[in-house]
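Lettering of chains follows the sequences in order, A, B, ..., and the numbering in each one begins at 1.
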Amino acid sequence: MDTYDPKAIEAKWQRVWEDARAFYVDDPPPGEEPAGKFYMLEMLPYPSGNLHMGHVLNYTLGDVLTHYHRRHGLHVLRPMGWDSFGLPAENAAIREGGHPREITERNIENIERQMHRLGWAIDWDRVIAAHDPDYYRWTQWLFLRFFERDLAYRKAAFVNWCPHDQTVLANEQVIDGKCERCGSIVEARKLEQWFFKITAYADALLRDHDLIDWPERTKTIQRNWIGRSEGAELLFRVDELDLDVAVFTTRADTLFGATFFVLAPEHPLVDEMIERSPNGEELRTYVAHALAKRGEQRAAGEKTGVFTGFFATNPATEARIPVWVADYVLMEYGTGAIMAVPGHDERDREFAERFELPVVEVVDEEDGTLVNSAQFSGMPVDEATREIVAWLGNRGRGRPAVSFRLRDWGFSRQRYWGCPIPIVYCPSCGIVPVPDDDLPVLLPDVDDYRPKGKPPLASNEEWLRVPCPSCGGEGRREADTMDTFVDSAWYFLRYPDAHDEREPFSRRLVDFWGPVDQYIGGIDHATGHLLYSRFFVKVLRELELLDFPEPFQRLFHQGWVRQGGTKMSKSRGNVTAPDELADMYGADAVRLYILFVGPADQDMDWTEEGIEGIGRFLRRLWRIVHEAAADGGAGEDGDAGPLVRKAHETIAKVSDDIGRRFVFNTPIAAVMELVNELGRDPSAPGARFAAETAVSLIQPYAPHIAEELWSALGHERLWEQPWPVADEDQLRRETFELVLQVNGRVRDRVEASVDESEEELVARAKASPRVQQHLDGKEIRQTIVVPGKLVNIVV
RNA sequence: GCCGAAGUGGCGGAACUGGCAGACGCGCCGGACUCAAAAUCCGGUGGGGCUCACGCCCCGUGUGGGUUCGAUUCCCACCUUCGGCACCA
């Protein structure tokens, strides 16, 4: 027996697998799609150049499941790709020189090497990269399909502008009013921007949560993000303008308490009011100030506002109530106008107090019924809400309505390193899509990536000027690029047909492999990538490009690997290189350790203390299995004995943990227990079977050592061996340890037979001297028997 | 403020459906091997108390209450930590 040399055996088996194309999966020929496919996917990495422990956790989890399902006979697709567009490479190019493409491709090479080093079972034939024209050609093609259906459109909008990165950010990329990437305070700018109409799918995105097996908290986050509110749209008359102005409210029951009316500064009516109002100048100044500050600033401090000089008529009371403009009302939500009910809304009350506006109580908070509300007085809130809307509806002044918090997805980016938007602006034809046959619109080289307030592509005059595809006149290309979330909103559909040159993916192959059966990734993508991908699949299904309603059938979130209490990430530079760890302890040890330290869905503080213990375990396993292989008792399959029984129990435990419970740390502990027991006597009966079982069960975690030991045991190709099945007979026990309790406290334990009747078990309890001591002649009031477990005597 | 998750030895954690709290590992302590050390192997290790000893008793899963023969597990209230949303009408 040689000593355990992880480096040597890991390199050896990685070569064997590659030569055997062990983890490459073939597409089925047409008409022969077999049952039992499994599409395993982890979120694709941004190729930052180095793997960190978060990646190791993510992809090792996927690897365990890949091996587990493969060995259950499923056709497992498990690909890998690169989310290779995006700011970090561009910023690195600005900082250090070079081209983002070169930087990205160098990083990919390095990270791919590190992935190979860890021995993950990946189909490397299907690699895709967002920045590869063979890929982004189809991103552009899909954009055009959205454009044709008006699901991608252009509008002037206030956007989140990062002054440092000189680009627009999605709402999802703004954290506490700051740029998620660089931390600069985000400013408001009004720009022409591209949007995807994700709001048109708000209801479908909520409804189809029922179809998918996702963590409840992820669905909750999405539900809150979409923010569906049921209420009513009510019309308020503004006589001086001869107009009806709509408000959205969830509290129609408080209509009689609406004592003033507020418009958002961006509301379309405000301009006209400025023109015609006696205090137009004051209004104009206020609106200008309000528009300049956005988001966080707007929410901070005391409420501000200006009276417009106009009045609206409360449709319930017929009272003329003053119309104000105030920036606590948001244009993006509801109708951009509200009826203010200071009696029952905290914000309206604050405003009313500040500006001395009347407050009327219309709901008795004690019993939840209406007061001061004409014929609705005395009605409970729920009923009144319905009745008032119906009452207004009869007079054409209101109707039930639904409002969403979700906004359309703005995906224009004023940066270089992204997918070009295939659009040409023509003075005569307007916005003209680039014809499919002219795709891809290649990302040209530019001299200078530095942000200058306009996109880098806008400086490449030669590229920019292009004949209008429609009239042939002088057109100009769109110089913005796409948000990288567009690249990743469909990448999982490309793997099933990664090299298709005629279409983004064939309907047959995407419907065979899709949807992803098991997806793994961080919960931080709950309102970004995970929502965008669902939106894309819904649209693509309507386009009949595929036929499933949801992209990711089952979802698992790995926890954050933290270091020193902060989130570990490429941007913070606090990463531990898995590479070095693999060199010190071996890839198998790194893989085992990251899953052993705790539940995979829980955040962890990274520490290397303890990886030694995994190293010890692997050396122990190595030695004990070799001993068992040399003289592993008489035990063959089916033999009885405690070791064989323990092996079967371990099979049952590991299979249940991985397959049903989705926990990955306790299977390792279970195999350790088996090895500990085997180690007590490696020549005991059943030792060989126990050794084979331990090796077979640890294979998804530590495939290299498992393969080597499997050979030592005289077998071949463990990676394609069927997953072991526990023998039910071996799991059944004839005897068990009966727990004896007095008043719920354990007093004794005795060996009992599973065949014994309840009376016999009670008799055993009463026979125990320790139990007797605690009974102490007291009156027995109750006796509880749990067959197979315990007897509890209550005195 | 609203929504969600979590609090167990010195540490990471286990206990799945209400039934032996602390599996497995780290660390630590003791022993074997060694000239010595490392590595390895064996044993111990929640706290407190009683006992020469075999052992035995009490306390113990964030805090306080409740349900139950029995609660880490269920219910109520609270505390702490971490996430999500946040002037969303």
**OP:** Please work out if Thr607(A) contacts a base, only the sugar-phosphate, or nothing of the nucleic acid, heavy-atom cut-off 4.0 Å.
**Re:** nothing

**OP:** Looking at every strand, decide which applies to Val746(A) at a 4.0 Å heavy-atom threshold: base, sugar-phosphate, or nothing.
**Re:** sugar-phosphate

Original post:
Given C20(B), is OP1 or OP2 found less than 4.0 Å from the side-chain N or O atoms of Arg747(A)?
Top reply: no

Original post:
Any side-chain N or O of Arg623(A) under 4.0 Å from OP1/OP2 of C41(B)?
Top reply: yes

Subject >> Side-chain donor-acceptor pair present, Ser683(A), Asp681(A), cut-off under 3.5 Å >> reply: yes

**OP:** For C78(B) versus G7(B), give the span between their C1' atoms, rounded off to a whole number of Å.
**Re:** 14 Å

Subject >> Watson-Crick or G-U wobble mate for G4(B), both contacts under 3.5 Å >> reply: C82(B)

Original post:
Does Asn676(A) have a side-chain nitrogen or oxygen under 4.0 Å from the phosphate oxygens OP1 or OP2 of G25(B)?
Top reply: yes

Original post:
Who does A14(B) pair with, Watson-Crick or G-U, both distances under 3.5 Å?
Top reply: none

**OP:** Please work out if Lys653(A) contacts a base, only the sugar-phosphate, or nothing of the nucleic acid, heavy-atom cut-off 4.0 Å.
**Re:** base

**OP:** Would you check if His344(A) and Val362(A) make a side-chain contact, meaning some heavy-atom pair closer than 4.5 Å?
**Re:** yes

Subject >> Ile221(A), nearest nucleotide to its side chain (from A89(B), G84(B), G70(B)) >> reply: G84(B)

Original post:
What is the nucleic acid contact for Arg217(A), judged by heavy atoms within less than 4.0 Å: base, sugar-phosphate only, or nothing?
Top reply: sugar-phosphate

Original post:
When you measure from the side chain of Glu737(A), which nucleotide among C20(B), C87(B), G19(B) comes out closest?
Top reply: C20(B)

Original post:
What is the nucleic acid contact for Arg228(A), judged by heavy atoms within less than 4.0 Å: base, sugar-phosphate only, or nothing?
Top reply: nothing

Original post:
Could you give the CZ-to-P distance, from Arg661(A) to G13(B), as a whole number of Å?
Top reply: 16 Å

**OP:** Could you tell me the separation between the CZ atom of Arg616(A) and the C1' atom of A39(B), rounded to a whole number of Å?
**Re:** 10 Å

Original post:
When you match Val794(A) and Ile611(A) each to their closest nucleotide on RNA chain B, which lands nearer the 5' end?
Top reply: Ile611(A)

Original post:
Side chains of Lys789(A) and Leu738(A): does their closest heavy-atom pair fall under 4.5 Å?
Top reply: no

Subject >> Out of A89(B), C82(B), C85(B), whichever nucleotide has its closest atom nearest the side chain of Arg562(A) >> reply: C82(B)

Original post:
Contact class for Val262(A) (heavy atom, under 4.0 Å): base, sugar-phosphate, or nothing?
Top reply: nothing

Original post:
Can Arg397(A) be said to sit on top of Phe236(A)'s aromatic six-ring, NZ or CZ under 6.0 Å from centre and within 45° of the ring axis?
Top reply: no

**OP:** With heavy atoms under 4.0 Å as the rule, sort His774(A) into base, sugar-phosphate or nothing.
**Re:** sugar-phosphate

Original post:
If we take the C1' atom in both C16(B) and G84(B), what is their distance in whole Å?
Top reply: 28 Å

**OP:** Name the nucleic acid region contacted by Arg619(A), choosing base, sugar-phosphate or nothing; use a 4.0 angstrom heavy-atom cut-off, strictly under.
**Re:** sugar-phosphate

Subject >> ring pair (Phe, Tyr, Trp, His ring centres under 6.0 Å) partner of Phe351(A), chosen from Phe261(A), Phe307(A), Phe260(A) >> reply: Phe260(A)

Original post:
For atom C1', what is the distance between U61(B) and C50(B), given to the nearest Å?
Top reply: 26 Å

**OP:** Nearest whole angstrom, please: distance from the P of G13(B) to the CE of Met672(A).
**Re:** 15 Å

Original post:
Whom does C87(B) pair with, Watson-Crick or G-U wobble, provided both distances fall under 3.5 Å?
Top reply: none

Subject >> Short side-chain N/O contact to C59(B) OP1/OP2 from Arg745(A), under 4.0 Å >> reply: yes

Subject >> For atom CD of Gln741(A) and atom P of U68(B), their distance in whole Å >> reply: 17 Å

Subject >> Shortest non-hydrogen separation from Ala687(A) to Ala628(A) and the atoms involved >> reply: O-CB, 4.0 Å

**OP:** Looking at every strand, decide which applies to Asp657(A) at a 4.0 Å heavy-atom threshold: base, sugar-phosphate, or nothing.
**Re:** nothing

**OP:** From the options G19(B), A89(B), C85(B), select the nucleotide whose nearest atom is closest to the side chain of Ile784(A).
**Re:** G19(B)

**OP:** Mind calculating the distance between CH2 (Trp622(A)) and C1' (A39(B)) to the nearest angstrom?
**Re:** 18 Å

Original post:
Taking the same atom, P, in C82(B) and in C24(B), what whole-Å distance lies between them?
Top reply: 33 Å

Original post:
With both distances kept under 3.5 Å, what pairs with G9(B), Watson-Crick or G-U wobble?
Top reply: none

Subject >> Closest to side chain of Arg770(A), choosing from C56(B), C42(B), G19(B) >> reply: C56(B)

Subject >> Aromatic Trp225(A) / basic Arg405(A) pairing, under 6.0 angstrom, 45° off normal >> reply: yes

**OP:** In plain terms, say whether Glu673(A) and Lys653(A) are close enough for a salt bridge, that is, a side-chain N and a carboxylate O under 4.0 Å apart.
**Re:** no

Subject >> Sugar-phosphate only, base, or nothing, as touched by Asn665(A) at under 4.0 Å among non-hydrogen atoms >> reply: sugar-phosphate

Original post:
If the P atom of A39(B) is compared with that of G30(B), how far apart are they to the nearest Å?
Top reply: 15 Å

Original post:
Under the rule syn = chi within 90° of 0, otherwise anti, which is G44(B)?
Top reply: anti

**OP:** May I ask you to verify whether the side chain of Glu346(A) and the base of G1(B) hold a donor-acceptor pair under 3.5 Å?
**Re:** no

Original post:
Under 6.0 Å between the ring centres of Phe355(A) and Trp324(A)?
Top reply: yes

Subject >> Given A14(B), G19(B), C85(B), the nucleotide with the shortest approach to the side chain of Pro599(A) >> reply: A14(B)

**OP:** Could you check whether Asn224(A) gets within reach of a base, just the sugar-phosphate, or nothing at all, counting any heavy atom under 4.0 Å?
**Re:** sugar-phosphate

Subject >> Between A23(B) and U80(B) - P atom distance, rounded Å >> reply: 32 Å

Subject >> Length of the line joining Ile523(A):CD1 and C3(B):C1', which is rounded to integer Å >> reply: 13 Å

Original post:
Heavy atoms under 4.0 Å, any strand shown: does Ile338(A) hit a base, just sugar-phosphate, or nothing?
Top reply: base

Subject >> Closest-nucleotide ordering on RNA chain B, the 5'-leading residue of Arg680(A) and Phe596(A) >> reply: Phe596(A)

**OP:** Please work out if Arg781(A) contacts a base, only the sugar-phosphate, or nothing of the nucleic acid, heavy-atom cut-off 4.0 Å.
**Re:** nothing

Original post:
Given that both distances must come in under 3.5 Å, which nucleotide forms a Watson-Crick or G-U wobble pair with A32(B)?
Top reply: U40(B)

Original post:
At under 4.0 Å, does any side-chain N or O of Ser229(A) touch on OP1 or OP2 of A89(B)?
Top reply: yes

Subject >> Contact check, side chains of Leu357(A) and Pro322(A), non-hydrogen atoms, under 4.5 Å >> reply: yes

Original post:
For the base of C3(B), is there a side-chain donor-acceptor partner from Arg223(A) under 3.5 Å away?
Top reply: no

Original post:
What integer number of Å spans the C1' atoms of C20(B) and A15(B)?
Top reply: 11 Å

**OP:** Measure from the side-chain heavy atoms of Gln602(A) and tell me the nearest of G13(B), A86(B), C69(B).
**Re:** G13(B)

**OP:** Would you kindly give the CG-to-P distance between Asp524(A) and G84(B), to the nearest whole Å?
**Re:** 9 Å

**OP:** Mind checking Glu612(A) for me? I need base, sugar-phosphate or nothing, with any heavy atom below 4.0 Å counting as a touch.
**Re:** nothing

Subject >> Integer-rounded Å distance: C85(B) C1' and Arg407(A) CZ >> reply: 12 Å

Subject >> Gap in Å between the two C1' atoms, one belonging to C87(B) and one to G83(B), rounded >> reply: 22 Å

